[in-house]
Each structure stands twice: as C-alpha cells, then as structure tokens.
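The model shown is predicted, which means the values in this text are computed figures rather than measured ones. Lettering of chains follows the sequences in order, A, B, ..., and the numbering in each one begins at 1.
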Number of protein chains: 2
Amino acid sequence: MATMRDIAKLSKVSVSTVSRVLSGKGRVSAEKRNEIINLANQFHYVPNYHAKCMTKKGVITVGLVVPDISNPFFSKLTMGIESELKDSALLILMNSFRDIEREKKLSLLLRDNGAKGIIMGNSHVEDDFVFEISKYIPVVVFDKEYNLPNISTIKLDNIYGAYLATNHLIEIGCSNIIHFGGFDDLDVSIQRKEGYKKAIRKGMQPYVVPTGYDERSGYEKAKKVLSSKKFDGAFCMNDLVAIGVLKAAKEMGIRVSQDLKIIGFDDTELCEVVTPTLSSIHQPIEEMGRAAARALLKMIEGEESSRSYLFSPSLIVRGSTLPKRGDKDAKEEVG
Amino acid sequence: MATMRDIAKLSKVSVSTVSRVLSGKGRVSAEKRNEIINLANQFHYVPNYHAKCMTKKGVITVGLVVPDISNPFFSKLTMGIESELKDSALLILMNSFRDIEREKKLSLLLRDNGAKGIIMGNSHVEDDFVFEISKYIPVVVFDKEYNLPNISTIKLDNIYGAYLATNHLIEIGCSNIIHFGGFDDLDVSIQRKEGYKKAIRKGMQPYVVPTGYDERSGYEKAKKVLSSKKFDGAFCMNDLVAIGVLKAAKEMGIRVSQDLKIIGFDDTELCEVVTPTLSSIHQPIEEMGRAAARALLKMIEGEESSRSYLFSPSLIVRGSTLPKRGDKDAKEEVG
DNA sequence: TATAATAGAGCAAACGTTTGCTCACAGAGG
DNA sequence: CCTCTGTGAGCAAACGTTTGCTCTATTATA
C-alpha cells in the first residue's frame, strides 16, 4: 500500500505538500500538483483511514446486533435505522444467530472496534451486560426500560396491541378465544399475553397455549389443540405462528374466517400473501428504527443522556377476521 | 474520552506501563497494575481503535452494498456472508434503497472508510465504476463476469434454472406457457428469459410479458393478460411476481394447479405460505453468500486475484404445479 | 563479596496523516 | 536600493497506541 511518504519521495517534495494536494487545501504550484496527482493515481493511493481518524474525526460508526436479519421484522428495522443514519454514521450489522454468547461477544467486538454506539435488536442478554456496555458507549434497546444514563429504549405498546387484537375478535362475535403465545422467556410474549387477558370479558374463558415463535410451532400446537376443544377465535403472538395455525386449521377442515377467526401480530408482508389474507396488529417498525437511530445519535453527541420512546400499534383487518355474514372474502381455497 | 496518557498521569507512571498493563503484556508490579486497572475502570477507558490500528492491524472490515435488505434474498445472502466472515472480518452493511447514485456513493464511502473489500449485491452500476473501485480494493459482484484482477464473481446458472422451470411445466402437460419476466434491464431477467425460450419445444409459442420485480407488478400484468389469452402454464421470473400472478388468477376464477400451473424463482419462504404452495427454483443463497465472503477474503489476503463461482439451481415442486389432482402440500425435490 | 540474571519501569520511534508555523524568494511599491 | 507582500514549500508537532531498547534496582548464584 502506497503511503503519502512514498508519493512524496517519488515526486521529491515533502509529505505536507502531498497532503495539501490530495486534500485540495493550501496552495501548491500547478507543476507539482500534477505530478503528485499522477503518481497517486498510478499507485492507487488510498489514504489510510485510521491515520486520518487520528487527526480529523472520521465518519462515526454504530453497531446493530440482531438475532436474525432474514427475519422481516429486523430487516425492516434495519431499513429504518439506515434511512435515519444516512450520512451521519456508518452502520455495522451483526447477526447473533440467536446465540446469546455470540451476541455478547459481538457487542464487545463492536465497542472495541470503534463503534460509537450500539443498537441491540430484541436482545436476550442479561441486564448487567447491557449496563456494562453502556458505561462505555451509548446503547439503544427494545422493549426494556432501564432508566439509566446512556441507555435509551424503544418500546411498542404490546399490551395495547394484544388488547386491540383480542377485542377485535370479540367485537366481530367470537366468544371462545384461544391465544397461541410465546413462552414467558421474552417480555414481548408476557405483555401480549397480558393484553389478551385484559380483553377477555367476564364469562369468557381465557385459554393460553405456550408456543414458540415460528410457523412450525404454531402449526404443531394448533394441530393438537384445535381438534380437542372448540374455538371460534385465535389470537396469535406473531404472524408466523398465525400462519402455522391457519395452515393447520385448513388441513383439519376448519374454515378460517367462518368457523375460526385468526389474527396475528407484526403485520408482516406474509399477511397479504396467505389465503385468506391475515388480519394483524401493525407495528410502525421503520418508524421505530428511525427513532432508535435518532436516540443513539443524540446520546453520542451528548445532547441527551437517555430517552424512552413508546409506539402505538394499530389494527389491520383482513380476510381472516371478516364478520359473520360478510362472506365477500371470495378468495376461498382452491381444491 | 480518557486516553492512556490521562491514566498514566494520574497513576504517575509512563504511558508504556499503562499500555503493558492494559494489554497484559510485559511485567508490571502488582501494585501499579492494580492502580492502573482501577483508574481505567473508573474513567471507562476505551482504547482508541484507530490509534491501535496504526500499530497493530485491527480486525478488517468489509462492506456489503445491497439494494434492499428487507428483500429475503438479500437478507439470506447477508446471513451467508456473515456466517463465513464470522471473526475474520466485520461486515458493514449498506442499503442503496435501489438508488444507483447512492450505491456509488456508498461504495466510495466504504472504500474511504477503511473497508478492505466490497461485496456488491446485484449491482446496477456501470462496469466502469466497478472497475474503478477494484483498482483500490477487491470487489465481489454477482451475475456478471469481468475477468479482471481484483474482481470475483458469484453466479447462478439462471439460464439452466429457467430451463428447469419451464421444462417442468412442459413435462407435467402444459403446452401453452407464458413467461412473466423482468424487463431487460438486468442480466438476471435476460438470462431467465433465455432459459425459458430454450425450453420451449417446437410447435409451442413463447409468450413473454415484461413485468417488474414485485408482487403488484405480477398481479397487474396477469390481470390484463390472463383474461385475453388462454395459458395453462406460467413461469414467473421470481416468487413475488408469481404470487401476484397467483392472486390475480384466483380472483379471476382460474383454478391454480388445475387450470393454470404456476412456478416462480428463488424459492423464498413465501412459497410455503401461499395457497396452493408455490413451486419454485431454488438458489443456494446462503452458500453463495459464503462463497462471496471466501472469495473476498482470499483477494484481500492476496492469495487469489480473482475467481468465478457458478452455482446450480434446483427445482422444488409444490402445490402450484401438481400433475393432476394432487395431494395437498406434497413437496418433493428434484435434481 | 563479586557477578550474573532478572524484574520493573521509562524513553523514544513508529504507524500515516493534518496543519500551524516558519522560511525563502520573487515581484511590487516607495 | 530597501522594505513590503504574497506565494510556494518544508519542518515538526500532534493524534493515541505499541514495542524494542535501555537503565536501574534487586535478587540469585557462585
């Protein structure tokens, strides 16, 4: 790698002159200027980024750690973050592959590699770890409140969202509503369950089936549970689970929307693609990503030491929860 | 930000001693060692990354520019790249938001910010630009062959894949096959069209409808074209388009799989989720990502100046192309 | 007790830039 | 002929580390 010194030697000038030519500051005779530029091109001179950062401040970099970028939620989130960061910071993306140890390692790696801040997407790590990191660089987390300097929080009102979903089922006539919900390992699932229970009216029986977070899990649980008891509504903790349930129901001859109304959570693209289309609770994911980026930037710049943002979900009604008679949902299954 | 000098002053030792304590090399008395460590903790000392890079070589960083990370193809690809890079390099992700100017800007930004190599995911930029970048740092591109040092290529055999798809339709009895294909703006779409035409037998009539790359586009074109002419098979240039076509067909009362057999390309998760499930051409995306990362690393390390990898697609048969009256979600993989 | 070995600590150069300061020299103005 | 001004160029410090070398005590060895 050619350095300024090399160029300087070859053109028999001082390093400062080379620097001034290449950065376009200061006055240099046309003659030397040309020679230097030619040499630089010829040797594909690329200024050493780190050396530059020693004297100027370079573009700041921030890290984002997600469990799985191929999950639409996180890729949407990433889009939001990126779009807000635009030119004010470089985003370093890291996948933890849902491995908590790896997540910790990555966060440390980021911190030690010059990241000026970290966004931890839906982290499973212990509070202490987050706290530890935040002593060195600012952190943005999701769905958890720390009330500590250097840690900002982006939250969705999950309780309200779950309430919205369940209440919607009730309003369109369901009286026997099952909840396919996550285990209690994540705040999200705890909160969504809570919202579900809140919506259940007197005289109704809450019925919760602990479920994982993916389609297969929803499918398997539904296969077991839908055969034995009779439900007319199902609130699923996310769209993937809902799609699993939907598949199972179809296979079992249960007519979705007529016999069983299903609603998911997250409002992913998948909702539009299944048959019938899936009602869901919409999160303003990209908004949330942008807020996360803004919060981080503010902390990095020292303008704000911490802040909490709460976002409200909204109900999106689609084919899977059409009211009783309105059988207009003609997209019935083929064959 | 506290520096080593600060710590050194406070503990009345030299900078070297601080350095030795903090890096754990060299011998320092337990007494000073403790004092220094305490001070460092107290002031949340974080070593300056760039200064470190001046004397040691830091973790190398490589850039990845994609048009849209929320597209499953690119997030899968990212997963593959990340998984191969693991600890040998940091991945900087950049979204061009399908803006070609932004893509160029980002690539330059990456190069000037210390990235040791760039992977350009499905780039639209001019050859000259790629060439220009490659003079400074190695580049990996997709689907284009440059045969130039410092540029490696990852390719999918699109022609073969399209052939596979079309041929499958023919083998299960279609004789009037339409192709919903991309405009000629991308090599991918040109090649897939070529494969389609190759498969069409004598006596059959090729019929190509220029289409965009998303669901809406497929939907709209299908609405127009399926009403006028009669087709019994549709090969779509990707899954999104196929899903658009599938929706349109259903809405128009055309029974998918019975009246019209549809096959997509890319084998995204969407295929499993629609009804009927969608046959598609599978690309080993993660594999390709890993290969891209490996190729880049090799170039960075100077072991290889350039290399081209060709990957073979495979046919995945699902509900949308069942021969006659098929079992529901039968999924079989063929060569 | 003399000598060698070793532990503990500091000096200073190096990494590749940027930039304030200085300096030489030319032409202009008096 | 002398001073002033402006231009082109170099010197050297600074950025925050790492590390080879040096130096001084201290301890072990003979």
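Remark: P of D/dA9 and NZ of A/K25 are 19 Å apart, rounded to the nearest angstrom. The interatomic distance linking B/E31 (CD) with D/dT26 (C1') rounds to 16 Å, in whole Å. The interatomic distance linking A/L22 (CG) with C/dT18 (P) rounds to 8 Å, in whole Å.
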What string of B, S and - do you get for nucleotides 10-16 of chain C, 5' to 3', if B is base contact, S is sugar-phosphate-only contact and - is no contact with any protein heavy atom under 4.0 Å?
BBB-BBB
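In this structure A/R20 satisfies the salt bridge (charged side-chain N to carboxylate O under 4.0 Å, His left out) test with no other residue, sequence neighbours excluded.
With hydrogens and angles ignored, the 3.5 Å screen pairs no side-chain donor or acceptor of B/N150 with any backbone N or O of B/S305.
Cation-pi geometry between B/K135 and B/F131 is met: under 6.0 angstrom from the ring centre, within 45 degrees of the axis.
Side-chain N/O atoms of B/R27 include one lying less than 4.0 angstrom from OP1 or OP2 on C/dA7. Contact annotation: B/S29 does not reach the phosphate of C/dG8 (side-chain N/O to OP1 or OP2, under 4.0 Å).
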Derivation of the side chain to side chain contact (heavy atoms under 4.5 Å, CB included) call for B/F142 and B/V188:
CA-CA 10 Å; B/F142 286 79; B/V188 200; over 6 Å; no
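Side-chain polar atoms of B/S308 and B/E145 form a donor-acceptor pair below 3.5 angstrom. A donor-acceptor contact under 3.5 angstrom links the side chains of A/S14 and A/T17, judged on distance only.
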